[in-house]
Structure formats: structure tokens, C-alpha cells
**Q** 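Mind looking over this structure? Questions follow.
FYI, the numbering just counts along the sequence from 1. First listed ligand is number 1; within each ligand, the first listed atom is number 1.
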Amino acid sequence: MAAPYIANWGILGAGGISSTFARDLALPRPEVTDVLHAVLGVGSRDTARGDKFIADNLPLGGTAQQAGYVKEPPKAVSYAELFANPDIHIVYIGTLHQQHHDDVTAALNAGKHVLVEKPAVLNAAEWADLSALAKRKGLFLMEALWTRFQPAVKELHRLLHEEKVIGEIRDVRSSFFVENYNVLPDDHRVVSYEAAGGPLLDVGAYCMVPARVALQDNPLNRGARPVVTTAMSKTRMGSDLATTLVLDYPSLDARATCSMSWNARAPRDAWATIVGTKGEVVIHDGLYRIARFTVHRLVQPAADGKPAVWEEDKVVMDFAGTGLHLEADAVARDVRDGKIENDRVPHSETLLTMEIFDQARREGGYVLPEGMERIGRVGAEGK
Ligand SMILES: NC(=O)C1=CN([C@@H]2O[C@H](COP(=O)(O)OP(=O)(O)OC[C@H]3O[C@@H](n4cnc5c(N)ncnc54)[C@H](OP(=O)(O)O)[C@@H]3O)[C@@H](O)[C@H]2O)C=CC1
Ligand SMILES: O=C1OC[C@@H](O)[C@H](O)[C@H]1O
């Protein structure tokens, strides 16, 4: 058996999602033999926090350290020390939205490949800048849209476009509702204006996943961009409270309505419904971690006073851990293979996401604090 490729990671920011990422890199998965992960550095503004992070999440290191391929244990370091470590090849960026552009720039300038949490940045101009920098330097760069690497999502794509289980797709409705407003403190990053809070930037990319899989990636769409309509309401702080994106694909005669809200107490069984000419698919799980969906196939339309006959297939494809290791494996394989973009989440997908977010913020009047966007200021152009 060929030796596995060892991905040497640095994790930037010892916060919540970085912990999840670290635990997933440490998750033993004997079935994965081509890539293994080592965490060499955890960058934190406070190395005591970094030490605790390692003790809590990486006591034995990543899978490559556990298997003895890498002897060096994870070390708590400053951000600068992490970037300066020549043995770290890939940096995972788990800092706050408004720090992503600076942190990705620093990592790329230090010669590191980068996986950056969603939202990749604050606006399309920032992303175009990073994409160009990564390409100039020949380094890998990807937004951490982990949903795209989940087995059920890949299976959904196959069923929709290869087996065409629901015929031609006409409509997608997705919603991402969390009751955060008036529940979390106003200065929590998820709602606060000072941290570019609100559902659009926080979960907009997830909410568009069903539309991406069913319409944007539909081979019949041939990569055409949607015509976008937006609606937004605001919190008292000025961040968005609820945002709806309508993505129209005229050549498919299909559209997606993606609604996200921080003000909805609404337990869901159907987080998304994809409607086709021969049936519909219902996605049951939160749109960040999708493991279950149901295909309802119309076998016999209603006729002669008899009701329609439907058949139902339940698809369950769960996996261990949270699932961030699935995107980490994909990054490791791409870096091993010398690629600078991932096929499933290429730079163009993130650019389209950011352009849609920009449009929604312009039309909704969500202008971020002055100086937060490192390039441009969406909604304040010409003012
Ligand atoms: N993929 C997913 O499922 C998820 C992704 N995310 C994304 O990850 C990012 C981080 O979110 P989350 O982990 O919840 O946030 P946390 O607040 O838990 O962590 C953010 C980290 O950023 C670092 N940081 C650097 N400068 C500052 C600063 N001035 N103020 C506060 N923190 C700072 C801190 O690390 P340190 O002090 O160690 O330097 C901090 O721990 C967000 O962009 C979010 O959208 C979040 C949740 C889930
Ligand atoms: O990435 C995320 O996934 C789950 C959400 O509830 C959270 O706010 C977000 O950051």
C-alpha cells in the first residue's frame, strides 16, 4: 500500500469552530488510508488558550500523529509563529468574519495553503483579491463550505442529475431558521453589527446549498448565473434579522427561494424541498450537516377520480464526527495533487456567493462599519 499523504496543518484561532475542526482531524478513521492529518500549531492571541485547546481537542494530535507518522505534537503558538513555521503547509482559519481577509492574506503571503471558514470574506472584491493572490502564488485556497463534501449531498446530486429521480427540477425552497435574536446577547458575533452578524453572512452559504446542487450545478444550466432578487429586514443593531434570496434560472424555468432568519422559532422536518416534474425531494437536516433526505416519486398521476400514487425512498448517509474532516480530506488530496482550487467549491462558487451577498446587503441597506471591509464598502459606494 502506498504511504499516505500527510497534511501538516496550522489552526488559526482557538475558538468554537476551530475546536470542532481539530476534533474531526483527530477522529480515528481506519477506512481513510490515502491522507492523514497532523496539527503542528494552534495559533491564538493567548497561548494559554492555545494550550487548553490542545489539551481539550488534540491530546494525541491528529490522525498522522496518532499513527506515528509525525512525532512532533501540536504546539500553542502566536499567529506570527504559526505563519513562520516552515513545517506547516496548510492553515485553517477559524477566526471571525471580519478577520478573514487579513488572516488569509497573511497566510498566503507566508506561503501557506488556506482553508478559510465561511463566510470566506465580507464582500466579492475581497474574495477576488484573495483569489488573485492565491493564484499568483500558486497556493490552494478554499472556503470551508463543508456541506458540499457530505456523502448525502453527493448522493443527492447523483440522484437528481444522473438518475433524474424527480424529472426536471422546477423549484427549490430552503430555509435556515434559528432563534438567535433577543436570545443571544446583542454583542454576540452571530447577531452583532460590529461583528458583521446576521444570517446572511453567517448561514447564507448553507442556505443556498440545495439551490447550488439542484440548479446551479444542474448540467442543463451550463454554469449560468441566476437572476437574483432579495429582501431583508434588520435587527435594532443594524445587522440583518431575516434575508430572502430568490435565485431565478430562466434557462431551466426554475427558481430557488432561500430564506434565513434569526427570529423564527420553527422546528423543521423539511429544511429544503426540491420540486421536479416527477416528484420532490425533502431534506430533513440542518443545511450545514445533511445526512437524511426523502425522495417522493410520482408513480401514477391522479386520474379518473383515483388519487395519485407516490413512492418514497428514504436516504440516510450519516458519518462519524461533525464532518469537517471530509472537507479536510478533500483539501489534503488537492494539495497533494498540486491543485490550487477544489472542483466542488471552486473560487468561482465563493465569488458568486459573495456577489449575491453584496447585492442583498446593497438592496437591504446593510452597510458594515467603516473600515471593516478591507476593499470597498458595499452599500456605501458613491456616498
Ligand atoms: N463551519 C461551521 O460549521 C462554522 C463556521 N463558523 C465560522 O467560523 C468563524 C469563527 O466562529 P466561532 O468559532 O463560532 O467564533 P469564536 O468566537 O468561538 O472564535 C473565533 C476566534 O477568533 C479569534 N479572534 C481573533 N481576534 C479576535 C477578536 N478581536 N475577537 C474575538 N476573537 C478573535 C479568537 O481566537 P484566539 O483568541 O485564540 O486568537 C476566537 O476564539 C466565523 O467566521 C463563523 O462564521 C462558525 C461556526 C460553525
Ligand atoms: O456555521 C454555522 O453553523 C451553524 C449556525 O447555527 C452557526 O451560527 C454558524 O456560524
**Q** Tell me whether the NZ or CZ atom of Arg289 lies within the 45° cone about the ring axis of Tyr206 and under 6.0 Å from its centre.
**A**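 Judged by the rule (NZ or CZ under 6.0 Å from the ring centre, within 45° of its axis), Arg289 is not positioned above Tyr206.
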**Q** Got a salt bridge between Asp129 and Arg374, using NZ or NE/NH1/NH2 to carboxylate O under 4.0 Å?
**A**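 Looking at Asp129 and Arg374, the cut-off is not met.
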**Q** Using a 4.0 angstrom limit on heavy atoms, which residues are close to ligand 1?
**A**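 Lining ligand 1 at under 4.0 Å, by heavy atoms, one finds Gly13, Ala14, Gly15, Gly16, Ile17, Ser44, Arg45, Arg49, Tyr79, Gly94, Thr95, Leu96, His97, Gln99, His100, Glu117, Lys118, Pro119, Trp146, Arg189, Asp202, Tyr206.
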**Q** Determine whether the side chains of Asn8 and Asp87 contain a donor N or O and an acceptor N or O closer than 3.5 Å.
**A**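 Distance-only check fails for Asn8 and Asp87.
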**Q** Just by distance, no angles: are the side chains of Thr353 and Arg212 close enough, under 3.5 Å, to form a donor-acceptor pair?
**A**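 There is such a pair (donor and acceptor under 3.5 Å, judged by atom type) between the side chains of Thr353 and Arg212.
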**Q** As a test of understanding, state which of Val153, Asp269, Leu156 forms a side chain to side chain contact (heavy atoms under 4.5 Å, CB included) with Ile283.
**A**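 Among the candidates, only Leu156 passes.
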**Q** Give the residue and atom name of whichever protein heavy atom lies nearest to atom 5 (C) of ligand 2, and the separation in Å to one decimal.
**A**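 The answer is Val203 CG1, 4.1 Å.
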**Q** Give the cluster check for Met208 versus Val246: same hydrophobic cluster or not, with ILVMFWY residues linked at side-chain heavy-atom distances below 4.5 Å.
**A**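 No.
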**Q** For atom 3 (O) of ligand 2, what is the nearest protein heavy atom, given as residue, atom name and distance?
**A**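 Closest protein heavy atom to atom 3 (O) of ligand 2: Tyr206 CE1, 3.4 Å.
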**Q** Less than 3.5 Å apart, any donor N or O on the side chain of Asn182 or Arg236 sitting next to an acceptor on the other?
**A**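 Judged by distance alone, the side chains do pair up.
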**Q** Below 4.0 Å from any atom of ligand 2, is there a heavy atom belonging to Lys118?
**A**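 So Lys118 counts as touching ligand 2.
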**Q** At under 4.0 Å between heavy atoms, which part of Arg189 makes contact with ligand 2: side chain, backbone, both or neither?
**A**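 The part of Arg189 near ligand 2 is the side chain, not the backbone.
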**Q** Can you tell me which residue and heavy atom of the protein come closest to atom 8 (O) of ligand 2, and the distance to 0.1 Å?
**A**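 Nearest neighbour among protein heavy atoms for atom 8 (O) of ligand 2, to 0.1 Å: Asp202 OD2, 2.5 Å.
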**Q** How far apart are the closest heavy atoms of Pro210 and Leu287, and which atoms are they?
**A**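 For Pro210 and Leu287, the tightest heavy-atom pair comes out as CG-CD2, 3.9 Å.
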